[in-house]
Amino acid sequence: MQNTPEVDKKRKSLFFIICNAIIIGAFIILSIFNYMEENFFEIKTNMAVIVVMIAGIIATKASDAHMIIFRASHLLVSLLFFYCVYEGSGNGTVLYWATIMPILFFFFFGKREGLVWVSIFFMGILIIMLTPSIFNSHPYDSITISRFFIYLLIVLIISYGIESSRYAFSRLLDEKNQILVREKENLERALKEIKTLSGLIPICCSCKKVRDDEGFWQQVETYVRDRSRADFTHSICPDCFEKLYPDYKYPAPLEDSKENPLSETI
């Protein structure tokens, strides 16, 4: 059974590669449209994003330090978003792309670290949008800003709710897996303690001793006791009782052998 961190690592790595591949394809198409429109600034930005995505895929394939790669990639993408928002790429439509970032932050970094990334990322965008006179950035009107952050808030809440649900389910599944592992270990330990008898057992036709695998002859009770969880307590059958004690009458069997008067009589 694979442990949860290893499964989570593979899950995030696969999703990271898929996302990067999709973004690469999308920005190649955008670059073609930008070339047709002779918007060479947008092409340079798109190429920068494509280079970051390709580097992320190569690094993920070549290294096991996936969290470092995820953080570095998201940091570079965030800086590119800051620059694009600053320049007003796509006549301000870059804001629509920015709204996918909460989903990625929560998916790759979880609830707590994801909140830190979301807060820093959108605080930076908010500062850039609200202070165009200070940073000489692209001017955004108040309607665009308000609509963007309302939409952003909705995406953030949904993303956080999905990650919280996934985290709770993952923790519950991990607890159940731990219970199953403990039960499996207990079962294996019990199976090791259980010894069974099977096959043909050589037994003397006269004295009824049993020959073990090493060729030694043992009493039946010793042989069985050493190879099972059973033990023996001695009594006497009616036929033998009649032969050994003809003057006595064989008593009726009692539940408690300690109270059987036969033991005292003998």
Side-chain angles (χ1 to χ4, degrees), residues 1-35 39-87 89-90 93-122 124-125 155-156 158-174 177-178 181:
M1 183 181 295
Q2 291 180 310
N3 54 13
T4 302
E6 186 66 23
V7 173
D8 192 59
K9 177 181 177 181
K10 291 182 179 180
R11 177 180 67 93
K12 290 181 178 179
S13 299
L14 179 60
F15 186 73
F16 180 77
I17 293 173
I18 293 174
C19 286
N20 284 18
I22 294 173
I23 293 173
I24 290 171
F27 274 77
I28 289 175
I29 296 174
L30 288 175
S31 297
I32 294 174
F33 284 110
N34 294 144
Y35 179 79
N39 190 343
F40 298 107
F41 169 77
E42 296 287 344
I43 293 176
K44 292 179 181 179
T45 304
N46 295 341
M47 290 299 105
V49 174
I50 290 173
V51 169
V52 172
M53 297 298 104
I54 293 175
I57 293 176
I58 295 174
T60 303
K61 290 288 187 180
S63 175
D64 289 332
H66 290 177
M67 288 306 299
I68 296 176
I69 297 171
F70 297 156
R71 292 187 178 100
S73 297
H74 282 76
L75 177 60
L76 292 175
V77 171
S78 298
L79 293 176
L80 285 171
F81 265 117
F82 289 158
Y83 180 71
C84 291
V85 172
Y86 172 83
E87 293 290 345
S89 298
T93 56
V94 65
L95 297 176
Y96 297 111
W97 289 87
T99 53
I100 68 172
M101 295 305 292
I103 301 174
L104 300 179
F105 287 145
F106 286 123
F107 180 87
F108 286 102
F109 307 124
K111 295 191 301 181
R112 294 182 180 179
E113 186 176 348
L115 277 175
V116 175
W117 279 87
V118 168
S119 302
I120 295 174
F121 179 77
F122 287 107
I125 290 181
V155 175
L156 193 153
I158 293 175
S159 302
Y160 184 82
I162 292 173
E163 177 59 24
S164 299
S165 176
R166 187 205 63 80
Y167 177 79
F169 179 79
S170 177
R171 185 175 61 179
L172 179 62
L173 183 61
D174 186 55
N177 286 339
Q178 291 179 1
V181 169

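FYI, side chains are in, hydrogens and waters are out, and symmetry mates aren't considered; it's all heavy atoms of this structure.
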Of all heavy-atom pairs between T60 and G56, which one has the smallest distance, and what is that distance? OG1-O, 2.7 Å
So F107 and F15, would you call those rings parallel, tilted or perpendicular, with 30° and 60° as cut-offs? tilted
Pairwise distance CD1(I54) to CD1(I23) - rounded to 0.5 angstrom: 12.0 Å
Got a second to check how far M53's CE is from I28's CD1, nearest 0.5 Å? 12.5 Å
Using 30° and 60° as the class boundaries, would you call the ring planes of F41 and Y83 parallel, tilted or perpendicular? tilted
Tell me yes or no: between the side chains of N46 and E42, is some donor less than 3.5 Å from an acceptor? no
Heavy-atom pair with the smallest gap, counting every atom of S73 and V52: O-CG1, 4.3 Å
Around atom CD1 of I68, are there more than 12 heavy atoms of other residues, nucleotides or ligands at under 6.0 Å? no
Would V85 and L95 satisfy side chain to side chain contact (heavy atoms under 4.5 Å, CB included), going step by step from the backbone distance to the final call? CA-CA 7 Å; V85 172; L95 297 176; 4.1 Å; yes
Are W117 and F70 an aromatic pair, judged by ring center distance below 6.0 Å? no
Got a donor-acceptor contact below 3.5 angstrom from the N39 side chain to the N34 backbone? no
For the CZ atom of R166 and the CZ atom of R11, what is their distance to the nearest 0.5 Å? 4.5 Å
Might you confirm whether atom NZ of K111 has over 12 heavy atoms from other residues, nucleotides or ligands at distances under 6.0 Å? yes
Does F27 reach the side chain of M47, with side-chain heavy atoms less than 4.5 Å apart? no
Strictly distance-based, threshold 3.5 Å: is any side-chain N or O of S63 a donor or acceptor partner for the main-chain N or O of A59? no
Distance from I100 atom CD1 to F105 atom CZ, nearest 0.5 Å? 9.5 Å
So which heavy atom on L115 is nearest to which on Y160, and how close? CD1-CE1, 3.8 Å
Side chain proximity check, M101 to V118, heavy atoms < 4.5 angstrom: no
Any side-chain to backbone donor/acceptor pair from S165 onto G161? Under 3.5 Å, distance only. no
Taking the side chain as every heavy atom from C-beta outward, state whether I162 and F106 have any pair of such atoms under 4.5 Å apart. no
I57 CD1 to I18 CD1 distance, which is reported to the nearest 0.5 Å: 10.0 Å
Check whether the ring centres of F16 and F108 lie less than 6.0 Å apart, and answer yes or no. yes
Side-chain heavy-atom pair V94, T45 within 4.5 angstrom cut-off: no
Reference residue F81; test ring pair (Phe, Tyr, Trp, His ring centres under 6.0 Å); the match among F121, W97, Y86: F121
What's the separation between atom NZ in K44 and atom OG in S31, rounded to the nearest 0.5 Å? 13.0 Å
